[in-house]
Amino acid sequence: MSVDTELLLDWWDRTARDLPWRRPDCTAWGVLVSEIMLQQTPVARVEPIWHEWLARWPVPSAMAAASHGDVLRAWGKLGYPRRALRLHEAATAIARDHGDVVPSDIETLEGLPGIGSYTARAVAAFAYGQRCAVVDTNVRRVVARAVHGAGDAGPPSTKRDLRDVEALLPQDDAATFSAALMELGALVCTAKSQRCADCPIYEACAWQRNGRPAYDGPAKKVQGFAGTDRQVRGLLLDVLRGTSEPVAKAHLDVVWSNHTQREKCLDSLLQDGLVEQTASGLFALPGEH
DNA sequence: GACACGTGGCG
DNA sequence: TCGCCAAGTGT
């Protein structure tokens, strides 16, 4: 059927994790930083880095003043380092065009680098308390089960997913409701090993009523990693994060034996602005020489 | 809509 | 061990 708002909010009050970006004193900037870091990245790895970032760059203009190299080094091994570059670009735009205040308007947010539909709505809801649907992979899974009675969500369908979630949004406490839906997907209604015995909306769950059928949609694509350009780029970047001085190419050559792939990946890192070459031909993180 | 894009932990 | 998974975005 639907999702029982009161039961879900009660469950949230009892069991929600005390994460720093959920505290009342957390700024919109703190929320934005958390949302970018959390893209495809587990909470446990984000939390310590988030604390470092907010202490070092408490407002967008502070980050805008840092170099790309500083930002990439501070990003550490969170993964997908282009996120760090885009967040720096977003911080620059916010400082320059928005008076150092994170915008609250979804469309304005979506216009900033690295901020798509999910992140824009998450900031609008969690930083500014707006009543808007927030659709991430957790929410899609919870809705697929509790509302549609399926074993899991099928491929994303932006407009339909948004409509589905908008239909569930309560008039009051919508932002908390959204956070609770995500939390439910993260802690209870998980992809595998669901904890249905702990579920606050067990009684209303269409998946339960259907006898918990297995997922029958198209097979999900699993991303490989070993041997991919992603792995090689990560290895190359790790060398540069680990040195304070620009290095000769020989130091990069040792991380991967396939010459062709190595060159291609180094080129793409230069292209992406994740690596720079000095006038003397050495390699470094950008903006540090 | 498919694919590229990092990294590490867990069952 | 290794496949699967984790609060997506940009092209």
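Below, chains carry the letters A, B, ... as their sequence lines are ordered, and counting in each starts from 1.
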| task | Sticking with atom P, work out how far dT9(C) lies from dG8(B), rounded to a whole angstrom. | result | 23 Å
| Ring centres under 6.0 angstrom apart (Trp57(A), Trp29(A)) | no
| note | Phe225(A) atom CZ is separated from dC5(C) atom C1', nearest whole Å, by 14 Å
| Which is true for Val46(A) with a 4.0 Å heavy-atom rule: it touches a base, it touches only sugar-phosphate, or it touches nothing? | nothing
| Across the strands shown, which category fits Pro113(A) at heavy-atom distances under 4.0 angstrom: base, sugar-phosphate, nothing? | sugar-phosphate
| field | Touch class at under 4.0 angstrom, heavy-atom based, for Arg241(A) against every strand present | value | sugar-phosphate
| query | Base, sugar-phosphate, or nothing for Gln231(A), non-hydrogen atoms under 4.0 angstrom? | reply | nothing
| Any Gln40(A) side-chain N or O less than 4.0 Å from OP1/OP2 of dG8(C) | yes
| query | Is any side-chain N of the basic residue among Asp152(A) and Lys220(A) closer than 4.0 Å to the acidic one's carboxylate O? | reply | yes
| message | Nearest whole Å is fine: how far is dC5(B) C1' from Asp272(A) CG? | response | 9 Å
| query | When you match Ser193(A) and Tyr80(A) each to their closest nucleotide on DNA chain B, which lands nearer the 5' end? | reply | Tyr80(A)
| request: Tell me what Gly116(A) touches on the nucleic acid: a base, only sugar-phosphate, or nothing, going by heavy atoms under 4.0 Å. | output: sugar-phosphate
| field | N or O in side chain of Arg86(A) less than 4.0 angstrom from dT9(C) OP1/OP2 | value | no
| message | Under a 3.5 Å distance rule, please check whether Arg160(A) uses its side chain to pair with a backbone N or O of Pro156(A) as donor and acceptor. | response | no
| request: Identify whether any heavy atom of Ser117(A) sits under 4.0 Å from a base atom; if not, whether one sits that close to sugar-phosphate; answer base, sugar-phosphate or nothing. | output: sugar-phosphate
| When all nucleic acid strands are considered with a 4.0 Å heavy-atom cut-off, which category describes Leu237(A): base, sugar-phosphate, or nothing? | nothing
| If you pin Lys220(A) and Ala120(A) to their nearest nucleotides in DNA chain C, which one's is more 5'? | Lys220(A)
| said: Suppose you measure atom P in dA7(C) against the same atom in dC5(B); what distance do you get, rounded to whole Å? | reply: 22 Å
| What does Trp75(A) touch in the nucleic acid at a heavy-atom separation under 4.0 angstrom: a base, only the sugar-phosphate, or nothing? | nothing
| message | With a 4.0 Å cut-off on N to O distance, would you call Glu263(A) and Lys249(A) a salt bridge? | response | yes
| task | Would you mind classifying the nucleic acid contact of Ala191(A) as base, sugar-phosphate or nothing, using non-hydrogen atoms under 4.0 angstrom? | result | sugar-phosphate
| said: Heavy atoms only, 4.0 Å cut-off, all strands: where does Asp229(A) land among base, sugar-phosphate and nothing? | reply: sugar-phosphate
| query | Within the pair Thr41(A) and dA7(C), is there a side-chain N or O less than 4.0 Å away from OP1 or OP2? | reply | no
| request: To the nearest Å, give me how far apart CG (Asn138(A)) and P (dA6(C)) are. | output: 7 Å
| query | Should the pair Arg82(A)-Glu89(A) be classified as a salt bridge under the 4.0 Å nitrogen-to-oxygen rule? | reply | no
| task | Name the nucleic acid region contacted by Thr228(A), choosing base, sugar-phosphate or nothing; use a 4.0 angstrom heavy-atom cut-off, strictly under. | result | nothing
| said: Taking Arg241(A) first and then Asp238(A), would you say they form a salt bridge - that is, a charged N and a carboxylate O separated by under 4.0 Å? | reply: yes
| query | Does the side chain of Arg83(A) get closer than 4.0 angstrom to OP1 or OP2 of dA7(C) through an N or O atom? | reply | no
| message | I need the CD-C1' distance between Gln261(A) and dA4(B), as an integer number of Å. | response | 13 Å
| Any Arg22(A) side-chain N or O less than 4.0 Å from OP1/OP2 of dA7(C) | no
| Rounded to the Å, how far apart are Arg195(A) CZ and dC10(B) C1'? | 12 Å
| message | Once you apply a heavy-atom cut-off of 4.0 Å, does Leu19(A) come out as touching a base, just sugar-phosphate, or nothing? | response | base
| Roughly, in whole Å, what's the span from CZ in Arg45(A) to P in dG9(B)? | 7 Å
| query | Are Asp172(A) and Arg131(A) within salt-bridge range, i.e. N to O under 4.0 Å? | reply | no
| task | Determine: side-chain N/O of Lys77(A) to OP1/OP2 of dG8(B), distance under 4.0 Å, yes or no. | result | yes
| task | Could you check how far CG of Asp161(A) sits from P of dA7(C), rounded to whole Å? | result | 15 Å
| request: On DNA chain B, check which nucleotide each of Lys221(A) and Gln39(A) is closest to and give me the residue with the more 5' one. | output: Lys221(A)
| query | Which whole-number value in Å describes the distance from Met37(A) CE to dT9(C) C1'? | reply | 17 Å
